[in-house]
Amino acid sequence: MGRIIAIDYGRKRTGIAATDKLQIIANGVATVPSGELVDFLSVYVAQEEVELIVIGQPKQLNNEPSENMKYVESFVNALKSKIPQIPVEYYDERFTSVLAHQAMLAGGLKKKKRQDKALVDEISAVIILQAYLESKKYIIR
């Protein structure tokens, strides 16, 4: 069984999370400048067995794609051409940044650390991945 990677894509930087090999726990991996993301993922999948890439799908409250969706789609197209053997799935990412800030508060992080946007992106990727895993847990195969 391979890992599942989750991506919280942003125009400047992107948070990345991955499961353990048993696909039970989601952990933060890194925050990478978005321009370097495809290369980072190419190296990562060469070193680790990856079964699936889940990417946060930016939506507005009315369920319409947000303005950032065009950048996400462009990235996904580049990713699929560079790493075609790994499937990519979208997962709703609404409120992940808010949840990341709440998790940081609940974890007792100091204000300076909570303002670290790279950390927020990485935690958002973990939240996307954990939500994805939970959604699959209840599907009968």
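The backbone N or O of Thr14 lies less than 3.5 Å from no partner atom in the side chain of Asp121, so there is not a single donor-acceptor pair. Listed for the Ser74 side chain is no donor-acceptor partner under 3.5 Å among the backbone atoms of Lys70.
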Could you go through the side chain to side chain contact (heavy atoms under 4.5 Å, CB included) check for Val43 and Asp39 one step at a time? CA-CA 6 Å; Val43 170; Asp39 292 335; 5.8 Å; no

Go through Gln57 and Tyr9 one step at a time and tell me if the side chain to side chain contact (heavy atoms under 4.5 Å, CB included) criterion holds. CA-CA 9 Å; Gln57 183 176 27; Tyr9 187 84; over 6 Å; no

Passes side chain to side chain contact (heavy atoms under 4.5 Å, CB included), Glu51 versus Ile86? Steps please. CA-CA 6 Å; Glu51 185 175 305; Ile86 299 177; over 6 Å; no

Under the side chain to side chain contact (heavy atoms under 4.5 Å, CB included) criterion, do Glu48 and Ile5 qualify, and how do the steps go? CA-CA 11 Å; Glu48 297 286 344; Ile5 295 175; over 6 Å; no

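The shortest heavy-atom contact between Ala131 and Tyr91 is O-OH, 3.3 Å. Closest approach of Ala6 and Ile128 over heavy atoms only: CB-CG2, 4.3 Å. The two atoms that bring Ala78 and Ser81 nearest to each other are O-OG, 2.9 Å, heavy atoms only. Taking every heavy atom of both residues into account, Val126 and Gly28 meet most closely at CG2-N, 3.3 Å.
Residues Phe75 and Ser34 fail the side-chain proximity criterion, which asks for heavy atoms closer than 4.5 Å. In this structure, Val76 and Ile55 have side chains that are in contact, with non-hydrogen atoms separated by less than 4.5 Å. Between Gln23 and Met1, some side-chain heavy-atom pair lies under the 4.5 Å cut-off. Looking only at side-chain heavy atoms (C-beta outward), Ile16 and Leu37 come within less than 4.5 Å of each other. Residues Val54 and Ile7 fail the side-chain proximity criterion, which asks for heavy atoms closer than 4.5 Å. Using a 4.5 Å heavy-atom cutoff, the side chains of Thr19 and Leu129 are in contact. The shortest side-chain heavy-atom distance between Glu49 and Arg3 does not fall under the 4.5 Å cut-off. The closest side-chain heavy-atom distance from Leu41 to Ile83 is below 4.5 Å.
Annotation: side-chain hydrogen bond (donor to acceptor under 3.5 Å, both in side chains) contacts of Tyr132 (sequence neighbours excluded): Glu89.
Each of Ile123 and Val29 belongs to its own hydrophobic cluster when Ile, Leu, Val, Met, Phe, Trp and Tyr are linked at side-chain heavy-atom distances under 4.5 angstrom. Hydrophobic clustering (side-chain heavy atoms under 4.5 Å, transitive across Ile, Leu, Val, Met, Phe, Trp, Tyr) keeps Ile4 apart from Val45. Taken together through direct or relayed side-chain contacts under 4.5 Å among Ile, Leu, Val, Met, Phe, Trp and Tyr, Phe40 and Val50 form part of one hydrophobic cluster.
The CZ atom of Arg13 sits 13.5 Å away from the CD atom of Glu36 when rounded to the nearest 0.5 Å.
Other residues, nucleotides and ligands contribute more than 12 heavy atoms inside 6.0 Å of the CD atom of Gln85.
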